[in-house]
Protein chains: 2
Amino acid sequence: MSIAVKILVVDDEAQIRKFLKSSFAGTEYKVIEAEDGQTALRLAGTEMPDVILLDLGLPDIDGVDVAKQIREWSQVPIIVLTARGHEDDKVEALDAGADDYLTKPFSVKELMARVKVMLRRTLGNAAAEPVVEFGDCKLDLAARLVYKNDEVLKLTPIEYKLLAFMAKYADKVVTHKMLLSDVWGPGYDFEVQYLRVHMKNLRHKIEDEPANPQFILTEAGVGYRLVTKG
Amino acid sequence: MSIAVKILVVDDEAQIRKFLKSSFAGTEYKVIEAEDGQTALRLAGTEMPDVILLDLGLPDIDGVDVAKQIREWSQVPIIVLTARGHEDDKVEALDAGADDYLTKPFSVKELMARVKVMLRRTLGNAAAEPVVEFGDCKLDLAARLVYKNDEVLKLTPIEYKLLAFMAKYADKVVTHKMLLSDVWGPGYDFEVQYLRVHMKNLRHKIEDEPANPQFILTEAGVGYRLVTKG
DNA sequence: TGAACATTTACATATTATTTAATTGTATGA
DNA sequence: TCATACAATTAAATAATATGTAAATGTTCA
């Protein structure tokens, strides 16, 4: 990656913007700033950032709407920043198309890691691969088969659908709602218990240590995330 | 993919035609008949046979002339049948464009062999034959034949279509819907019971232990999968 | 008409999904 | 820090579906 990666930071607090800008100083990243939703939408279009860090508490437009509007024309990864106490918003934002979230206060280290993961998806391999790998598992979407150590795993239809959906959003957070609507259809948004049971069963087939999952991670109160980085 | 090999038998003796037809019954070959030269020329044009077995003693046109006329526009292999005592004619026929000859009486085995040689010459080099193997079975898509331990299996049309479709997607899961639409056509998407019955019958012909299938695997709630790799 | 094949029916078995309930883990405010 | 409420994991029971099978009934074609 020779050209600098452009990060759009959207936050109304100048202090936060400054903090983030200095955090990325001296790295391969270039930070541009927006202090409100209007500016964010404009810069998202003109500057073509590689990643957007979006605070939800903006003075003019609701952060969720900003995410929604950007998603209408762009696939740029959006990482949502929420303050503790306003955590309901993040689920809404994820449903609106955001890719990941961080709760303030967060460590720079973790932020960097999340940004890197997002970039690997978009810059690394643009074409959607028909095969997703994680650990010693391999998901062949074309063949509709899942392997663990080159042996075909026996998954039920629901288990497969759940895994395939998470794989589609590899390394990104998928909300309960997204999973429930995709697998069970509309009207099942609140049957979170279904997810818990099936995720447990999935983990027992995929994870080496189901009680300490390495691939299917729980995002408490939000959803799940399939980790593919090795 | 070629359909069954078509053989045009040209002979004025109904007994001979019947004999040849029964000889090829139950094989990959389909026999059509002509009892005189006129009919032979017409069928050679309309039916597009893959091989022509031509008796030289025809009531209306001289067999040699039939061969000559066909050669004016077609390269279809012509095997001439001559009775002992009229063996001079065969030289003439070969000069006229015939490819091979057999002297009556001839054995079915020899006839088959000669036909195969002819077919290899025309069809063989056309394209590498698509063959799918699994266990001790072999599916020859070009010849439309299925072997188990080198013996030809007798499959019904539906059974063959099902197997061929699964072979096309070898080692991948094919859904009930895919199979039903391909074999029965649109509008049969829900007749899963058809599949169950025919798959059971297929397994009884292909599998060593139909109750514990090794090749035609069930993907519960989804479809089936033909395993071709060990 | 008989033979080969396809469809339909009925039912035992196998596989999945859902529900329930007990337990453990985690976030958060006093 | 601790208590508390909520969320998540887990196992086990029950319900719902899917599958394989055999056997009866149609259908087609020579």
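A, B, ... follow the sequence lines: proteins, then strands. Residue 1 opens every chain. This one's a predicted model, so the numbers in the text were calculated from it and none came from an experiment.
Remark on the helix from C:dT1-D:dA30 to C:dA30-D:dT1: inter-end axis angle 40°, axes from five-pair C1' superpositions, rounded to 10°.
In terms of modelled atom types and a separation under 3.5 Å, the side chain of B:D182 and the main chain of B:F165 share no donor-acceptor contact. Under a 3.5 Å cut-off, the side chain of A:D62 and the backbone N or O of A:D65 do not form any donor-acceptor pair. Using modelled atom types, one side-chain atom of A:D60 and one backbone atom of A:G37 make a donor-acceptor pair closer than 3.5 Å. Listed for the A:D99 side chain is a donor-acceptor partner under 3.5 Å among the backbone atoms of A:I78.
Remark: C1' of D:dA8 and CD of A:E191 are 16 Å apart, rounded to the nearest angstrom. Per the geometry, CG belonging to B:L195 stands 13 Å off P belonging to C:dT8, to the nearest Å. The distance between atom CG of A:L202 and atom P of C:dT16, rounded to the nearest whole Å, is 13 Å. C:dA17 atom P lies 9 Å from atom CG of A:N201, rounded to whole Å. Rounded to whole Å, atom P of C:dG25 lies 17 Å from atom CG of A:L217. Straight-line distance from the CG atom of B:L155 to the P atom of C:dA6: 10 Å, rounded to whole Å. Here the P atom of nucleotide D:dA8 and the CD1 atom of A:I216 are 15 Å apart, to the nearest Å. The nearest whole Å value for the distance from the OH atom in A:Y188 to the C1' atom in C:dA17 is 11 Å.
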Side-chain donor-acceptor contacts of residues 14-21 of chain A below 3.5 Å, not counting sequence neighbours, with atom names and distances?
from	atom 1	to	atom 2	distance (Å)
A:R17	NE	A:E33	OE1	2.9
A:R17	NH1	A:D11	O	2.8
A:K21	NZ	A:E33	OE2	3.2

Pairs of donor and acceptor atoms involving the side chains of residues 201-210 of chain B, under 3.5 Å and at least two apart or interchain, shall be tabulated with distances.
from	atom 1	to	atom 2	distance (Å)
B:N201	ND2	B:V197	O	3.3
B:R203	NE	B:I216	O	3.1
B:R203	NH2	B:I216	O	2.8
B:R203	NH2	B:T218	OG1	2.8
B:K205	NZ	B:K154	O	2.9
B:K205	NZ	B:E159	OE1	2.7
B:E207	OE1	B:Q214	N	2.7
B:E207	OE2	B:Q214	N	3.2
B:E207	OE2	B:F215	N	2.7
B:E207	OE2	B:I216	N	2.9
B:D208	OD1	B:K148	NZ	3.0

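The stretch residues 218-227 of chain A comes close to DNA chain D through A:T218, A:A220, A:G221, A:Y224, each having a heavy atom under 4.0 Å from the strand. Within residues 156-166 of chain A, the residues approaching DNA chain C are A:T156, A:P157, A:I158, by heavy-atom distance under 4.0 Å. Non-hydrogen atoms lying under 4.0 Å from DNA chain D are contributed by B:H176, all within residues 170-186 of chain B.
With C:dT16, C:dT8, C:dT18 as the candidates, the nucleotide lying closest to the side chain of A:K154 is C:dT16.
With sequence neighbours excluded, no residue satisfies side chain to side chain contact (heavy atoms under 4.5 Å, CB included) with A:E151. Every residue two or more places apart in sequence or in another chain was checked for a salt bridge (Lys or Arg N to Asp or Glu O under 4.0 Å) with A:D89, and none qualifies. Listed by chain and number, the residues in a side chain to side chain contact (heavy atoms under 4.5 Å, CB included) with B:I32 are B:K6, B:L8, B:E47 (sequence neighbours excluded). Remark: B:K161 engages B:V183 in a side chain to side chain contact (heavy atoms under 4.5 Å, CB included) (not counting sequence neighbours).
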Protein N or O to nucleotides 21-24 of chain D N or O, pairs below 3.5 Å:
from	atom 1	to	atom 2	distance (Å)
D:dT21	O4	B:Q193	NE2	2.7
D:dA22	OP2	B:K200	NZ	3.2

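When side chains are defined from C-beta on, A:L179 counts as touching A:M199, because their heavy atoms get closer than 4.5 Å. The closest side-chain heavy-atom distance from B:I79 to B:L53 is below 4.5 Å.
Each side-chain hydrogen bond (donor to acceptor under 3.5 Å, both in side chains) pair with one or both residues in residues 169-178 of chain B, not counting sequence neighbours, appears once here: B:D171-B:T228.
For CD of A:Q193, the number of neighbouring non-hydrogen atoms (other residues, nucleotides, ligands) closer than 6.0 Å is greater than 12. Shown here is B:D150, whose CG atom has no more than 12 heavy atoms of other residues, nucleotides or ligands within 6.0 Å.
Regarding contacts with the backbone of C:dT8, a side-chain N or O of B:Y194 is found under 4.0 angstrom from either OP1 or OP2.
Classification of the A:Y29-A:F24 ring pair by plane angle, with boundaries at 30° and 60°, yields perpendicular.
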